[in-house]
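What follows is a short report on a single structure.
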2 protein chains.
Amino acid sequence: MTETRVERKERTRRAILDAALHLCEDSSLVALSLRQVAKEVGIVPTAYYRHFESIEALGLALVDESFVSLRAMLRDVRRGDGATGGAAGGYAGIVDSSVSILVEHVHQQRQHFRFIARERAAGPLSVREAIRHEIELCERELATDLARLPGTEEWSGDDLRVLSNLIVTAMVATAESILAVSGRPDVEKQLAENARTQLRMVLVGALHWRSKP
Amino acid sequence: MTETRVERKERTRRAILDAALHLCEDSSLVALSLRQVAKEVGIVPTAYYRHFESIEALGLALVDESFVSLRAMLRDVRRGDGATGGAAGGYAGIVDSSVSILVEHVHQQRQHFRFIARERAAGPLSVREAIRHEIELCERELATDLARLPGTEEWSGDDLRVLSNLIVTAMVATAESILAVSGRPDVEKQLAENARTQLRMVLVGALHWRSKP
DNA sequence: GCTGTGGGTGCACAGTCGTTCACCGAAGTC
DNA sequence: GACTTCGGTGAACGACTGTGCACCCACAGC
């Protein structure tokens, strides 16, 4: 029954992260006070310093944590085991399952996605930079995935990067839209269908694309 | 030399808007205090209430003002008089000049674009909704423009809307990137070129697209 | 079992916050 | 010229902010 000291500390740290994530649901990190977090956790303000030296440091930890969720999603997308079963195959199958996986993960990790979407533009400078860097990594990953797809053999590295940037941008926007309409399943279905259409349009463009020498 | 009373009031109101815009360059509206704005303007906090009843109301005014800038840009894009001179014509010419106009306007109205980019995700609820609504109007405008382009005769209204959503999303992302790298002209040139490539890819996709019945 | 480390407490401080109120004085009205 | 309107002032309030300091006490290592 007794807790070891490191367990106890880790539990409080988790509680702080969760509290911040909860408070960030309808505001931004820059409008979050150390005392609010402490009150939400149930500790005294000064005890906060035992875990983080500032709100900004908390933000960076949340970025790390959130991108664990995001990478888990990318892993699922790469495996291609979406709601459609994956039996469809081909580009259409990839598009359908990828968007399904996106929608699913946005629901399961709503707080993480919301945090990233908001702090990407509004957070402290270091947080914004950290998020931008992580997204750039995601784009690179996607670019190498795209390079393995049939039809992109003659593409330049630049074009692959530009294409994956476009796709990531569109998917980030889709995630933001889904978060914005949270609670209206019919509208959400429509957003997912729009995202699929956009991906198909982009893919049609890609298949007819020839990189300049 | 004497100022009429309404002129004087309008001048202070302008000063408040400018001060808020300036303070929002490296933070968000939700982290902005009435007193900061007042101090920046050079008036006492209570005088602020003569012009706006809250920071949120100020935000809504800034949204209106910012979208005047954005609409001016859209008008230029529609006229197609970009830096390339417009003589090129055809899709390539449209793409080149449109992106040039975007870059140009982002520079000229840096504060407005930055404000919209940030508060779109982080502002008070009413501000977020106002921005979302305005962007949706821009998408509709673009959709009607696209409908006039040769090659989209058989497109469904849905597909036109989805396509313009994709294009607007990509251009918003481009504007955000340009703001993020502010001050590095070489990187910015690259971003603009990437945006042009993305638009071309999307257009290639669109030209080979056939709407489902 | 004694000692020391470290998470958590309580108090205090100097600021800042939004908002109230009574008041001033110049521009506007009659 | 007398009267009103209204943008701006200055003091004051209660609440909240980040942070420093001394302290407590359960767990850790000896």
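This one's a predicted model, so the numbers in the text were calculated from it and none came from an experiment.
Atom OH in A:Tyr49 sits roughly 15 Å away from atom C1' in C:dG10 (whole-Å rounding). Atom CZ in A:Arg14 sits roughly 18 Å away from atom P in C:dG7 (whole-Å rounding). Between the NZ atom of B:Lys9 and the P atom of D:dC6 there is a distance of 8 Å, rounded to whole Å. For the pair B:His51 NE2 and D:dG8 P, the interatomic distance rounds to 4 Å; values are reported in whole Å. In this structure, B:Glu7 places its CD atom 16 Å from C1' of D:dC6, rounding to the nearest Å. Look at CG on A:Leu34: it is 11 Å from P on D:dG20, rounded to the nearest Å. Nucleotide D:dC6 holds its C1' atom 16 Å from the CD atom of B:Glu10, rounded to whole Å. A:Arg35 places its CZ atom 14 Å from the P atom of C:dC13, with the value rounded to the nearest Å.
The base of C:dG10 is paired with the side chain of A:Thr46 by a donor and an acceptor separated by under 3.5 Å. Side-chain to base pairing of A:Arg50 with C:dG8: one donor and one acceptor N or O lie within less than 3.5 Å of each other. Within 3.5 Å, no donor on the side chain of B:Arg5 pairs with an acceptor on the base of D:dG7, nor the reverse.
A:Ser182 places no side-chain N or O within donor-acceptor distance of the main-chain N or O of A:Ile178, the cut-off being under 3.5 Å. With B:Thr197 contributing its side chain and B:Glu193 its backbone, the two residues share a donor-acceptor pair below 3.5 Å.
Checking the phosphate oxygens (OP1, OP2) of D:dG8, a side-chain nitrogen or oxygen of B:Thr12 falls inside 4.0 Å. Within the structure, every side-chain polar atom (N or O) of B:Thr4 is placed at least 4.0 Å from both OP1 and OP2 of C:dA27.
A heavy-atom distance below 4.5 Å is found between the side chains of B:Arg128 and A:Arg118.
Listed here is the closest heavy atom pair of B:Ser69 and B:His105: O-CD2, 4.4 Å.
The nearest heavy atom of DNA chain D to A:Leu32 and to B:Arg8 marks one nucleotide each, and the one closer to the 5' end goes with B:Arg8.
If you check D:dG18, D:dA12, C:dT9 against the side chain of A:Ile43, the one that comes closest is C:dT9.
Remark: of the listed residues A:Glu134, A:Glu129, A:Glu136, A:Glu176, A:Glu176 is the sole one forming a salt bridge (charged side-chain N to carboxylate O under 4.0 Å, His left out) with A:Arg120.
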